[in-house]
Every structure is written in structure tokens, then in C-alpha cells.
Amino acid sequence: MKTSTEFVAWFRSAAPYIRTFRGQTFVIAFDGDVIEEGNFTDLTHDINLLVSVGVKVVLVHGARPQIERSLKSKKLKSNFSNHQVRVTDEETLTCVKEANGRLRLEIEALLSMGLPNTPLAGSPIRVTSGNFVIAQPKGIINGVDMLYSGDVRKIRHEAIFQRLESGEMVLVSPLGYSATGEIFNLTHEDVATEVAIAIKANKLIYLCDQSGINDKQNNLLNELTTSEVKSLAKKRNKMPSIDRLWKGLIKASESGVDRLHLIDRKINGGILLELFTHEGIGTMISRDSLQAIRTATQDDIGGILSLIEPLEQNGVLVRRPRETLETEIQKFTVVEHDGLIVGCVALNPFKREKIGELACLAVHPDFQSTGVGERLLKVVEANCSKQKLIDVFVLTTQSSHWFLENGFKKTVLSELPKEKAKLYNYQRNSKIYSKPII
Ligand SMILES: CC(C)(COP(=O)(O)OP(=O)(O)OC[C@H]1O[C@@H](n2cnc3c(N)ncnc32)[C@H](O)[C@@H]1OP(=O)(O)O)[C@@H](O)C(=O)NCCC(=O)NCCS
């Protein structure tokens with residue numbers, strides 16, 4: 001970060017996320033490559049930061065590269081069914097147990113570091129693991145006995161809750177125990193999905209080997225709804241591992257997990273960039289569209305103030321103290337994007353003159369030129385129509401052309417309601433535009 005101003009701006013922009021995430025539960029899933037490639041130390045810093053701001057974290061790890069290495073060292077071959085699921089015989093299961101056991105210890109050790117001069121200083125993470133996953137055998141699929149390859153039968157969610165409530169982070173391996181005491185080999189994608197559903201997680205975050213989901217031109221799609229992911233999945237002929245991941249994402253989303261994120265595991269600080277910035281760096285999936293337009297409530301005052309204050313300081317908008325906002329909040333319409341207020345407008349009706357004033361129109365810089373302004377204007381026009389107003393006017397210093405392009409025409413002070421004309425600020429010298437309501 002180059003200047004203190006940039007730092008302050010960045011820190012302020014992260015504040016609403018910190019507020020929202022406090023007390024939420026995130027499941028973070030990653031394959032064994034993260035450890036293999038040495039990226040886990042950076043990841044522990046980011047996880048530690050999440051825990052410090054009050055997020056309850058469950059980690060689900062995979063162990064594919066470690067299992068492959070263990071099989072190789074014993075000169076055993078990987079055996080996959082025609083669905084690309086590993087067939088786990090007894091010898092393979094020994095390698096699976098060894099690889100997972102060693103990996104779990106390594107992860108626990110890395111999470112227990114308390115390095116000075118890092119975000120871990122003074123706050124070692126308390127991590128716990130256990131028999132949280134009950135499994136059952138996959139059985140015979142298309143004539144192939146999958147032996148010790150299993151499916152998740154149940155997640156012992158109360159046990160996970162207890163650990164999280166006592167301030168611990170929970171680490172889950174892709175192994176499950178059956179009621180008969182056997183161990184089954186599971187995929188970490190399945191385990192992460194089922195854990196997120198069972199504990200009603202707010203987010204399921206996958207660190208994967210791609211930047212997220214791309215369009216046909218290979219551009220990253222930052223936000224998708226579940227139904228968009230479903231229709232993309234139908235069109236695309238995917239690798240089995242990606243197919244498994246996408247199925248898990250869709251299932252988790254449809255079962256109530258609010259947000260799913262795909263993040264490139266190789267980006268240092270990827271989780272922070274995805275979660276604490278508007279634009280993100282991966283793909284975020286949600287059931288419904290993230291943007292909603294609605295009448296403002298008292299709870300939106302903080303969000304509206306942080307949107308309009310920079311514009312008031314630049315003189316673009318007239319200053320509105322918090323008290324005025326509190327008494328006039330019912331006049332405001334807001335656009336909310338993933339819990340943040342990114343656009344607002346107010347309508348002041350002059351009932352006797354049958355004319356309305358559009359005021360305090362503002363769109364967050366990150367969301368400008370995406371049609372938010374136009375949507376807000378349409379709502380104002382619809383509200384004028386409901387209130388039987390025949391014209392809407394606006395006073396503006398810097399957005400004349402935007403209003404002209406949206407059907408407004410220049411008008412004069414004498415056309416305004418007397419009450420409003422009396423208050424005209426000659427120093428601001430705003431231009432006046434109006435538009436008939438049809
Ligand atoms: C004016 C404002 C509300 C427009 O919101 P928006 O969501 O970006 O608008 P839309 O997406 O509907 O329209 C975007 C188009 O308007 C143009 N535009 C945006 N602000 C403009 C301005 N001040 N003057 C002229 N054109 C403008 C954009 O270039 C874009 O054109 P393009 O599609 O050809 O690229 C927004 O720029 C803003 O908040 N400005 C600061 C506050 C302000 O001036 N409010 C009005 C005071 S009453």
C-alpha cells in the first residue's frame with residue numbers, strides 16, 4: 001500500500017465485511033497440494049485473521065498427492081472406477097490412512113505456530129480434530145466393488161458446534177468411520193459439502209487449482225447464481241474432479257449454504273482479497289441474485305452515510321446530517337449488494353404542486369456504469385406515479401449529462417415549488433432539470 005490515505009481507505013472499505021462476518025461460520029476446503037506446494041503458512045495467516053475478527057472456521061483437507069506418493073513408494077497402482085472414483089482396496093486404505101494421518105499432524109503443527117512479526121504473533125490457533133464424519137460403503141457401482149471407498153452418511157454436527165463454540169478451529173480429514181468400526185476413504189469435496197450443510201455454514205470456500213469459473217472467452221465470472229452454475233454445468237463437458245466440485249457447490253447452495261467461493265489456491269492472500277473486497281478475485285455463487293432494490297430502513301443509515309459522505313466532502317451532494325436521514329429514511333430507496341449499500345436515492349414529494357424532487361442519488365464507484373443509477377431512477381419514477389405526481393425535478397452540479405441522457409430537460413427556478421425555490425443555494429449554483437412522469 002503506497003500511502004497512508006490508501007491504507008485508511010482500504011481499512012474503512014473492509015470494515016463492513018468485518019462487521020458482517022463476526023460470528024459467522026466458514027468451511028474452507030483445500031486439497032493436499034496446498035501443503036505440498038508450501039502455501040499453507042500464508043494460508044494460516046489469513047485463517048488466523050478470520051478467526052481474530054470472530055469467524056468460526058472449519059477446515060476440510062484433501063490428501064490426493066500424498067496418497068499417490070504413498071502408493072508409489074509401495075509400488076502400488078492407483079485404481080479408478082469408470083466414474084474416476086478411487087477404488088480403495090485394503091492396501092490402498094493403508095496408504096490413505098498413512099497419508100491422511102501424516103497430513104493432519106503437519107497441518108496441526110503449522111496451525112500451532114506463533115511466529116513473531118507475522119499475523120500469528122500472540123494468537124496461536126487452537127485446533128481440534130475427531131470422528132466427526134460417519135460413512136457408509138459406496139458398494140458396487142456398474143459392477144465394480146468400490147470396497148473401502150465410501151460416502152458421507154452423517155456429520156456429527158453437535159460435536160463440531162461444541163468445538164467451535166469453545167473457540168476452537170475444527171480440522172476434518174476425508175475419512176469416515178462406519179457404525180461397524182470400519183474406516184472409509186471419502187473425497188474432501190463431499191466431506192466439505194456435507195459439513196457445510198450440516199452445520200449451516202454461511203460460506204463454503206474452495207481453494208482450487210483454477211481462478212474460479214470462466215466464460216467461453218476465458219474471462220473470470222466473479223458472481224453467479226446457482227441456476228447459472230447449473231446451466232453452465234449442463235453445457236460443459238467437464239473433468240470428473242471439476243464435475244464433483246460443481247455438484248457439491250450446487251448441492252450446498254440448494255441446501256441452504258448462503259455463499260460459495262472458488263479461489264485460486266496459488267494466490268497469496270486469496271481468501272482476504274475474495275472476502276474483503278467488492279470485486280473479489282474468484283467466483284462467488286449464491287442462490288439468488290446478489291443485488292436487491294428496496295425501500296430503506298433505519299438499519300441502512302450507516303450504509304447510506306458511508307456511501308454519500310465522500311460525495312458530500314467533494315461538494316457533489318448537499319450535506320445531510322444523520323438526524324435528517326433518520327427522520328427521512330422512508331423517502332429513500334437503496335440498492336443492496338451482498339449485504340452492502342451500493343446505491344441510494346430519495347424522493348421528496350410536493351403533493352400540492354404534484355411534483356417530486358429526486359435527491360441524494362449516489363452509486364458506489366465500484367458499481368457505477370452497471371445500470372444501478374438507471375434502476376434507482378426507474379423506482380423514483382414509479383413512486384412518483386404511485387403518488388400521482390406529474391413531474392420529477394433534480395438539482396445537480398456535476399451530473400447534468402447523466403440526467404439529460406435519461407430524459408430530463410433543463411428548467412428554471414420559477415418552475416419549482418415555492419417552498420423549494422426559497423431554499424435555492426446561489427453559491428452552489430446547481431442546474432435544474434425536470435422530467436414528466438408518464
Ligand atoms: C450519476 C450516477 C448516479 C450514475 O450512476 P450509474 O449507476 O453509474 O449510472 P448508469 O449505470 O445507469 O449509467 C452509466 C452511464 O452514465 C454515464 N455517467 C455516469 N455519471 C455521469 C455524469 N456525471 N455525467 C455524464 N454521464 C455520466 C456513464 O459514463 C455511463 O455511460 P456509458 O454507459 O455510455 O458508459 C453516479 O455516477 C454517481 O453516483 N455519481 C456521483 C453522485 C452524483 O453526481 N449524483 C447526482 C446528484 S443528484
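Hydrogens, waters and symmetry mates play no part in the numbers below; they use all other heavy atoms, side chains included. Both counts, for ligands and for their atoms, begin at 1 and track the order of listing.
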Between Leu361 and ligand 1, find which residue part has any heavy-atom pair under 4.0 Å and reply side chain, backbone, both or neither. both
Heavy atoms of the protein only: does one fall short of 4.0 Å from atom 33 (O) of ligand 1? no
From Trp402, Tyr433, Phe403, Phe367 - option closest to atom 13 (O) of ligand 1 by heavy atom: Trp402
Should Glu189 and Lys247 count as an ion pair when the cut-off is N to O under 4.0 Å? no
Verify whether the ring centers belonging to His337 and Phe367 lie closer than 6.0 Å. yes
Can you sort out which atoms of ligand 1 are near Glu374, meaning under 4.0 Å from one of its heavy atoms? 12 (O)
Hey, is ligand 1 close enough to Thr396 that some N/O pair sits below 3.5 Å? no
Donor-acceptor pair between Tyr206 and Thr283 side chains, under 3.5 angstrom: no
Distance from Leu347 atom CG to Asn383 atom CG, nearest 0.5 Å? 6.0 Å
Please report whether the ring centroid of Phe408 lies less than 6.0 Å from that of Phe393. no
Test salt bridge (Lys or Arg N to Asp or Glu O under 4.0 Å) on Lys154 and Glu194; report intermediate values, then the result. CA-CA 8 Å; Lys154 216 162 96 187; Glu194 298 301 334; over 6 Å; no
Region of Leu377 that comes within reach of ligand 1 [heavy atoms, distance under 4.0 Å]: neither
Value for CD1 (Ile47) from CG (Leu59), rounded to nearest 0.5 Å, stands at 4.5 Å
Using a 4.0 Å cutoff against the non-hydrogen atoms of Gln368, which atoms of ligand 1 qualify? 8 (O), 36 (C), 37 (O), 38 (C), 39 (O), 40 (N)
For atom 29 (O) of ligand 1, what is the nearest protein heavy atom, given as residue, atom name and distance? Ser369 OG, 4.1 Å
Are the charged groups of Lys420 and Glu357 less than 4.0 angstrom apart, N to O? yes
In the protein, which heavy atom is nearest to atom 11 (O) of ligand 1, and how far is it? Gly371 N, 2.7 Å
Output yes when the distance from some N or O of ligand 1 to some N or O of His401 is under 3.5 Å, and no in every other case. no
Would you say Leu395 has any N or O atom under 3.5 Å from an N or O of ligand 1, going by distance alone? no
Counting from 1 in the order shown, the ligand 1 atoms closer than 4.0 Å to a non-hydrogen atom of Thr370 are 11 (O)
Quick one: look at Glu405 and ligand 1, take heavy-atom pairs under 4.0 Å, and tell me if it's side chain, backbone, both or neither. neither
In terms of side-chain heavy atoms, does His61 have a donor or acceptor partner in Ser173 at a distance below 3.5 Å? yes
For atom 41 (C) of ligand 1, what's the nearest protein heavy-atom neighbour? Residue, atom name and distance, please. Leu311 CD2, 3.8 Å
Considering only heavy atoms of Gln398, which atoms of ligand 1 have at least one such atom less than 4.0 Å away? 23 (N)
Could you measure the distance from the NZ atom of Lys56 to the CD1 atom of Ile199? Nearest 0.5 Å is fine. 9.5 Å
Can you tell whether the side chains of Glu312 and Arg320 come within less than 4.0 Å, N to carboxylate O? no
Counting each atom of ligand 1 from 1 as listed, which ones have a heavy atom of Val316 under 4.0 Å away? 42 (C), 43 (C), 44 (O)
So which protein heavy atom does atom 5 (O) of ligand 1 come closest to, and at what separation? Val363 CG2, 3.5 Å
Looking at ligand 1, is there an atom of it that comes within less than 4.0 Å of some heavy atom belonging to Leu317? yes
For Ala362, atoms of ligand 1 separated by under 4.0 Å from a heavy atom: 39 (O)
Between the main-chain N or O of Tyr426 and the side-chain N or O of Asn429, is there a donor-acceptor pair closer than 3.5 Å? no
Going by an N to O cut-off under 4.0 Å, is there a salt bridge joining Lys418 and Glu353? no
Of all the non-hydrogen atoms in the protein, which one sits nearest to atom 7 (O) of ligand 1, and at what distance? Gly373 N, 2.7 Å
shortest atom 44 (O) of ligand 1-to-protein heavy-atom contact is with Ser399 OG, 2.5 Å
